[in-house]
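Each remark here refers to the structure printed beneath this line.
Values below: all heavy atoms of this structure, side chains included; hydrogens, waters and symmetry mates excluded.
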Amino acid sequence: NFDQAGPRQQDRKSARRLQDKIFPLLQTMRENMGYGAVINEVCRMRGLALGPVRLPGIELEGRHLQRVREAANALGLAGVPIGQFDASRL
């Protein structure tokens, strides 16, 4: 039963905390067909340039780009090489 305190309740709290942390980045992916562009930008921030966004996607600009960078920074992704991110820190 999920109403009981214990491991399951803690798992739910941990899952909710993780979801709350990653939600801003996920939200930016839903805007303006931005999934590919968001992935590209986060990879650029981590030192892996993937090239331009493929159509029908568009490159991030202005406030959308700023929000992606803020969300990635809040998650601790900026500057962390691919393969070296420790998700347990979230």
Looking at Gly51, is its backbone amide N or carbonyl O close enough to the side chain of Asn40 to form a donor-acceptor pair, meaning the two atoms are under 3.5 Å apart? yes

Output the distance between atom CG (Leu18) and atom CZ (Phe23), rounded to the nearest 0.5 Å. 14.0 Å

Salt bridge (charged side-chain N to carboxylate O under 4.0 Å, His left out) against Arg54, all qualifying residues, sequence neighbours excluded: none

Give me the atom names and distance for the closest heavy-atom approach of Arg46 to Val80. NE-O, 2.8 Å

Starting at CG of Leu50, measure out to CG of Leu48 and round the result to the nearest 0.5 Å. 4.5 Å

Salt-bridge test for Glu61 and Arg67: reply yes if a basic N is under 4.0 Å from a carboxylate O, no otherwise. no

With sequence neighbours left out, the residues meeting side-chain contact (heavy atoms from CB on, under 4.5 Å) with Gln66 are Arg63, Glu70

Nearest heavy-atom neighbours spanning Ala78 and Asn73: CB-OD1, 2.9 Å

Could you tell me the separation between the CE atom of Met29 and the CD1 atom of Ile39, rounded to the nearest 0.5 Å? 3.5 Å

Grab the two heavy atoms, one from Val53 and one from Ile58, that are nearest each other, plus how far apart they are. CG1-N, 3.9 Å

In Å and rounded to the nearest 0.5 Å, what is the CG to OG1 distance from Leu65 to Thr28? 10.0 Å

Salt bridge (charged side-chain N to carboxylate O under 4.0 Å, His left out) partners of Arg69, counting only residues at least two apart: Glu41

Spell out, yes or no, whether Met45 and Leu25 are grouped together once hydrophobic residues are joined by side-chain heavy atoms under 4.5 Å, including indirect joins. no

